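Below you'll find the structure, written out as structure tokens, and then a few comments.
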Amino acid sequence: MPLPSQVHPDIPTTPNVPLIKPVVALGPTESVIATATPVIPIDPIEQSKRLAAYQAVDHHVKPEHRIIGIGSGSTVPYVVERIVQQGAAVNKGRVFIPTGFQSKQLIVEAGLSLGDVDQYPTIDVTLDGADEVDHALNCVKGGGACHLREKVLAEAAQTFILVADHRKNVEYLGTNFASGVPIEVVPFAYAKVLQNLHHILGSPKATLRMAIKKAGPVVTDNGNFVIDAPFGREHMIDPYVIMAQIKMLTGVVEVGLFCKMAKAAYFGNADGSVTVRWQDGKVEQIAAGQTAAGSN
Ligand SMILES: O=C[C@H](O)[C@H](O)[C@H](O)COP(=O)(O)O
């Protein structure tokens, strides 16, 4: 996964600054026809992600932090972008632990030092994206099939922080992210796990996740398959029970339900503000002019 400026070439690296065409020196025989420089608007959802990521990094990635977990998903490139902005001096002594191929690439391409959780089973802070987060800070993860490693890094972290845009901020899981709970399974067990999900745990629409540009199923960074299992609201009001039941099925490696693991969740809003939900239920609104990205 490339850095944010490569993912979205129309997005300037400094928020609120329009993209200017590069100036190219002309040769002596060349002339130029004056045209208005196009100002390409920043995608509002991308701006929301960046707001959340910047604010979370500014609050939780402190100079004394040495071991930092980097999660997966579309908001995480902005986390890395902000960490790089903290400067080479502070980043020199740090080690960054990825949750998968995407974050490993982000770390390497940003020139940061790479480590792994088997070397560093205690992490100062992990920042990660989410598919949805409820008001009790339960969340669905695994839309990108990274949730096994993500959960290990979340557990290893002294502080686990979620970052996302406002669409992920929901009262109940399954509100917008309807494809279901991602479940990583050992390949040879997938049919039995599916049968158990359909007939025992009450998810008749559970399906094996298929790849888009490859014939066959999605294969995770760990060589496993993923099942997506939708559950009704009655299970999602307090998802811990269904999470534990799914995890008990033989062949299941990890469930993409993270129950009350995060200390805080940062959501970038369309109006440029950031909503912060804390573990203790407190909700903080950071006004547009007060956000880290807004003040840049
Ligand atoms: O497996 C992927 C991770 O759990 C992601 O953090 C999650 O899917 C959110 O990704 P995105 O920000 O791309 O929606």
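Bear in mind that the values here come from a model prediction, so they are computed numbers and not experimental data. Remember, it's 1-based here, ligands and their atoms both numbered in the order they're listed. Note: hydrogens, waters and symmetry copies are ignored here, and every other heavy atom, side chains too, is used.
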Quiz item: Taking atom types as modelled and ignoring hydrogens, do the side chains of His235 and Tyr172 form a donor-acceptor contact shorter than 3.5 angstrom?
Solution: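 Result is no, nothing qualifies.
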
Quiz item: With a 3.5 Å cut-off and no angle check, do the side chains of Asn269 and Thr275 form a donor-acceptor pair?
Solution: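 The criterion, which ignores hydrogens and geometry beyond distance, is satisfied for Thr275 and Asn269.
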
Self-check item: From Ser72, Ser74, Cys139, Gly256 - option closest to atom 6 (O) of ligand 1 by heavy atom
Solution: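 The residue whose heavy atom sits nearest atom 6 (O) of ligand 1 is Ser72.
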
Self-check item: Options Asp131, Val76, Thr99, ranked by nearest heavy atom to atom 9 (C) of ligand 1, top entry
Solution: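 The nearest heavy atom belongs to Asp131.
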
In terms of atom number and element, which parts of ligand 1 are under 4.0 angstrom from non-hydrogen atoms of [X]?
{"X": "Gly129", "value": "6 (O)"}
{"X": "Asp128", "value": "6 (O)"}
{"X": "Gly143", "value": "1 (O), 2 (C), 8 (O)"}

Do [X] and [Y] have side chains that approach each other closer than 4.5 Å (heavy atoms only, starting at C-beta)?
{"X": "Tyr54", "Y": "His59", "value": "no"}
{"X": "Gln195", "Y": "His198", "value": "no"}
{"X": "Asp128", "Y": "Lys141", "value": "yes"}

Is [Y] paired with [X] through a side-chain N to carboxylate O contact shorter than 4.0 Å?
{"X": "Arg66", "Y": "Asp124", "value": "no"}
{"X": "Arg149", "Y": "Asp221", "value": "no"}
{"X": "Asp165", "Y": "Arg167", "value": "yes"}

Quiz item: Is the closest heavy-atom distance from Lys168 to ligand 1 below 4.0 Å?
Solution: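 Checking ligand 1 against Lys168, which is what was asked, there is a heavy-atom contact under 4.0 Å.
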
Quiz item: Is Ala145 near ligand 1, meaning one of its heavy atoms is under 4.0 Å from it?
Solution: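 Judged by the 4.0 Å heavy-atom criterion, Ala145 does count as contacting ligand 1.
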
Quiz item: What is the closest protein heavy atom to atom 2 (C) of ligand 1, and at what distance does it sit?
Solution: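 The protein heavy atom lying closest is Gly144 N, 3.1 Å.
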
Practice problem: For atom 3 (C) of ligand 1, grab the closest protein heavy atom and report residue, atom and distance to one decimal in Å. | Solution: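 The protein heavy atom lying closest is Glu150 OE2, 2.9 Å.
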
Quiz item: N/O of Gly73 under 3.5 Å from N/O of ligand 1, yes or no?
Solution: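 No - when backbone and side-chain N and O of Gly73 are compared with those of ligand 1, no distance drops under 3.5 Å.
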
Quiz item: Using a heavy-atom cut-off of under 4.0 Å, does the side chain or the backbone of Ala130 touch ligand 1, or both, or neither?
Solution: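 Within the 4.0 Å criterion, Ala130 contacts ligand 1 through backbone atoms alone.
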
